Amino acid sequence: MVKICCIGAGYVGGPTMAVIALKCPSVEVAVVDIWDKRIAAWNSEQLPIYEPGLDDVVKQCRGKNLFFSTDVKKHVKEADIVFVSVNTPTKTTGLGAGKAADLTYWESAARMIADVSESSKVVVEKSTVPVKTAEAIEKILTHNGKGIKFQILSNPEFLAEGTAIEDLFKPDRVLIGGRETAEGQKAIKALKDIYAQWVPEDRILTTNLWSAELSKLAANAFLAQRISSVNAMSALCEATGANVTQVSHAIGMDTRIGPKFLNASVGFGGSCFQKDILNLVYICECNGLPEVAEYWKQVVKINEYQKSRFVNRVVASMFNTVSTKKIAILGFAFKKDTGDTRETPAVDVCKGLLIDKAELSIYDPQVTEDQISRELTMRKFDWDHPMHLQPMSSSSTLEKVSMVSDAYAATKGAHGICILTEWDEFKTLDYNKIYENMQKPAFIFDGRHVIDVDKLREIGFIVFSIGKPLDAWLKDMPAVA
């Protein structure tokens with residue numbers, strides 16, 4: 001029986017290994033982590049992450065050929081294939097601070113693998129890592145492995161949170177990069193044979209190590225670029241009276257462009273886009289390509305601009321101040337169908353409103369009060385360290401923040417509403433009831449194109465929807481970004 005061990009029980013490691021266990025019943029899969037609370041949650045009825053379909057997959061396999069454990073060394077020692085899916089946060093100090101990936105956790109994992117291994121192993125990069133990381137890891141394993149042979153593979157994930165299980169069941173592609181040696185090709189085949197038990201062979205791509213590592217960064221950079229492009233257009237649409245939804249539809253009909261990732265919004269979030277682009281910027285700078293670095297840096301700048309523009313629109317519309325005004329925040333996760341708040345635009349929007357002394361009432365169906373508190377008090381980039389290692393803050397930021405259990409409680413008595421996550425339930429709320437219970441004039445700022453703008457204006461709301469023609473009221477009170 002082939003034995004797989006995955007170091008890291010997070011958003012990538014947990015779902016990926018659960019699906020491998022489901023699709024490969026003859027393979028024994030162990031997911032290990034040093035954080036005992038996370039492992040306990042994986043072994044409970046309440047999994048540590050929310051992802052549609054994940055519960056069912058885990059419960060079908062757990063205790064049969066899928067195991068969650070804190071006994072990291074035991075399972076690494078016994079494994080034939082070791083996936084490494086640990087955090088690769090952005091460095092906050094030292095060389096490359098604010099851009100470069102911090103490989104501390106990766107290096108620690110590699111040294112542990114070398115230390116406990118008693119047989120040859122295939123070590124698979126599952127975390128998003130900078131180009132040439134495999135070479136560094138290879139050196140650590142070679143110099144510490146007591147003569148044991150290791151083969152390094154790059155197998156980047158291309159999951160979209162909210163559809164991760166579906167993406168794993170029917171991936172666009174599985175990418176495996178390895179050394180172009182006999183041993184390297186043998187290792188590639190071993191991993192390919194795992195995926196081939198449910199993925200069509202023409203969707204399993206094999207490359208050299210560096211192409212696989214770079215492909216992950218490139219894919220996220222291209223996707224983020226499309227979002228920033230349409231968001232840049234949304235600002236122009238508001239200025240000219242154009243409708244960004246109509247513009248997006250028109251250009252998306254071009255088969256060379258296509259319709260995906262052309263939805264204007266308050267900005268992109270998640271654990272990958274900004275981090276990977278900043279990493280790409282750093283790699284370009286290190287390789288003497290400042291013009292290329294500047295090009296990709298602009299994608300992040302537009303994303304930051306979109307969030308600050310949204311905040312400025314809220315403040316300017318409400319008589320140029322939100323001081324002591326209650327603002328309802330509907331949605332805190334970075335996208336619907338996930339409880340993930342990493343790099344969510346909601347953090348920057350909320351902090352921007354709090355600077356102007358707003359009082360926030362926040363509701364999200366999947367995000368916990370602890371998560372919201374942590375995100376609003378955390379320093380930049382600290383979110384990407386394991387949760388039990390994240391610095392605790394005693395910030396006074398939360399004095400003007402309340403977390404509530406439903407949208408109606410959040411909006412009662414509010415002066416304005418900001419929709420920051422596209423949860424389906426926000427489309428079907430009783431906005432007549434909400435309007436009646438709000439201060440007047442009642443404002444709604446739609447950062448996700450959730451609402452029917454015309455219907456809400458008929459009710460009496462003053463409505464701002466990103467990239468849509470502005471209310472006369474908003475034209476009279478322009479936001480200066």
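These figures come from a predicted structure and were not determined experimentally. Just so you know, residue 1 is the first one in the sequence shown, and it goes up from there.
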task: May I ask you to check whether Tyr363 and Glu425 show a side-chain donor-acceptor distance below 3.5 Å?
output: yes
message: Within the 3.5 Å criterion, strictly below it, is a donor on Lys468 or Asn243 matched to an acceptor on the partner's side chain?
response: no
task: Could you please spell out the steps behind the ring pair (Phe, Tyr, Trp, His ring centres under 6.0 Å) verdict for Tyr435 and Phe461?
output: CA-CA 7 Å; Tyr435 179 78; Phe461 284 101; 5.1 Å; yes
message: Main chain of Lys307, side chain of Asp348: is a donor-acceptor contact present, judged purely on distance under 3.5 Å?
response: no
field: Thr341 versus Glu375, side-chain donor and acceptor atoms under 3.5 Å
entry: yes
Non-neighbouring partners of Thr240 that pass side-chain contact (heavy atoms from CB on, under 4.5 Å), sequence neighbours left out: Leu236, Ala242
field: Working for ring pair (Phe, Tyr, Trp, His ring centres under 6.0 Å), residues Phe319 and Trp473
entry: CA-CA 11 Å; Phe319 310 103; Trp473 178 292; 5.5 Å; yes
- prompt: Taking Thr16 for the side chain and Gly13 for the main chain, is one N or O donor matched with an acceptor at less than 3.5 Å?
  reply: no
- prompt: Do Ser308 and Arg313 have side-chain atoms, one donor and one acceptor, less than 3.5 Å apart?
  reply: no
message: Would the distance check show the side chain of Arg203 and the main-chain N or O of Pro171 forming a donor-acceptor pair, the cut-off being under 3.5 Å?
response: yes
field: Glu51 side chain vs Gly162 backbone, donor-acceptor pair below 3.5 Å
entry: yes
- request: Decide whether Asp340 and Tyr50 meet the rule of one side-chain donor and one side-chain acceptor closer than 3.5 Å.
  value: no
query: Are the side chain of Gln371 and the backbone N or O of Thr368 linked by a donor-acceptor pair below 3.5 Å?
result: yes
- request: Establish, from distance only, whether the side-chain atoms of Lys275 and Thr88 form a donor-acceptor pair under 3.5 Å.
  value: yes
message: I'd like to know if the side chain of Asn65 reaches the main chain of Ala21, judged simply by a donor and an acceptor atom lying under 3.5 Å from each other, with no hydrogens or angles considered.
response: yes
query: Between Arg448 (side chain) and Ser265 (backbone), is there a donor-acceptor pair under 3.5 Å?
result: no
- prompt: When you check the side-chain N and O atoms of Tyr431 and Glu436, is any donor under 3.5 Å from an acceptor?
  reply: no
